[in-house]
Amino acid sequence: MPPPEASPPPPISLSRLLGGHLEAWAASDVLSPSACELILSAVRSAPADVDHRHLPLETLDGGAHLPTAQRVVERLRAVSAYHAELRLQRAFCVRYSGEGDGHAAHRDPCAFTVNVALTPAADFAGGDLAFHPSERADASHSVGHELGGAILH
């Protein structure tokens with residue numbers, strides 16, 4: 001079970017990555033490296049009969065990591081009035097093997113999605129989040145991940 005945080009984390013700031021019809025922001029240090037490792041440890045020890053590709057946080061350690069996901073949302077919500085309506089609807093871990101198993105281009109069925117990297121970027125190649133504002137391949141934008149950083153889109 002993750003330990004409770006002793007003091008509130010420092011404020012975060014969002015950097016606007018993309019604008020117009022394709023809005024995205026990035027924030028560093030949303031989760032500490034130790035919080036990332038606790039979640040990864042739970043993912044590694046998840047029972048074999050669960051979908052290791054999309055692990056709902058409520059299935060890991062009896063839901064012990066849901067408060068961590070809620071704290072991420074609260075920190076993002078506190079950044080600006082524009083994000084004040086953020087709320088945690090679903091929280092899950094997506095695990096990639098690096099064998100071309102990424103998601104095909106799609107639209108998420110929610111107003112905002114938050115991606116938090118649990119693994120240091122030095123531990124893998126690729127894995128950028130690709131945004132496609134149109135059908136033109138040359139119009140896409142890619143954003144890299146950093147350990148504990150969030151991309152809000």
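The structure presented is a predicted model; accordingly, all values stated were derived computationally and were not measured.
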**OP:** Apply the test side-chain contact (heavy atoms from CB on, under 4.5 Å) to residues D123 and L147: give CA-CA distance (whole Å), side-chain angles for both, the deciding distance (0.1 Å), then the verdict.
**Re:** CA-CA 10 Å; D123 289 0; L147 177 66; over 6 Å; no
**OP:** First locate atom OG1 of T113, then atom CZ of R90, and finally report the distance between them rounded to the nearest 0.5 Å.
**Re:** 9.0 Å
Subject >> Gap between atom CG of L76 and atom CZ of R71 - 0.5 Å precision >> reply: 13.5 Å
**OP:** Please report the closest heavy-atom contact between C93 and I39, naming both atoms and the distance.
**Re:** SG-CG2, 3.6 Å
Original post:
Roughly how far, to the nearest 0.5 Å, is the CD atom of Q70 from the CG atom of L57?
Top reply: 11.5 Å
Subject >> Exercise: identify the closest heavy-atom pair between D61 and H65 >> reply: OD2-NE2, 2.8 Å
**OP:** Could you please spell out the steps behind the side-chain contact (heavy atoms from CB on, under 4.5 Å) verdict for L38 and T68?
**Re:** CA-CA 10 Å; L38 282 170; T68 301; over 6 Å; no
Original post:
Does a donor on one side chain sit under 3.5 Å from an acceptor on the other, for R44 and S41?
Top reply: no
**OP:** Report yes if the side chains of V114 and V73 come closer than 4.5 Å at any heavy-atom pair, otherwise no.
**Re:** no
Original post:
How close do V30 and R75 get, heavy atom to heavy atom, and via which atoms?
Top reply: O-NH1, 2.8 Å
Subject >> Heavy-atom closest contact (L66 atom, A91 atom, distance) >> reply: CD2-CB, 4.2 Å
Subject >> Heavy-atom closest contact (R77 atom, A84 atom, distance) >> reply: CD-O, 2.9 Å
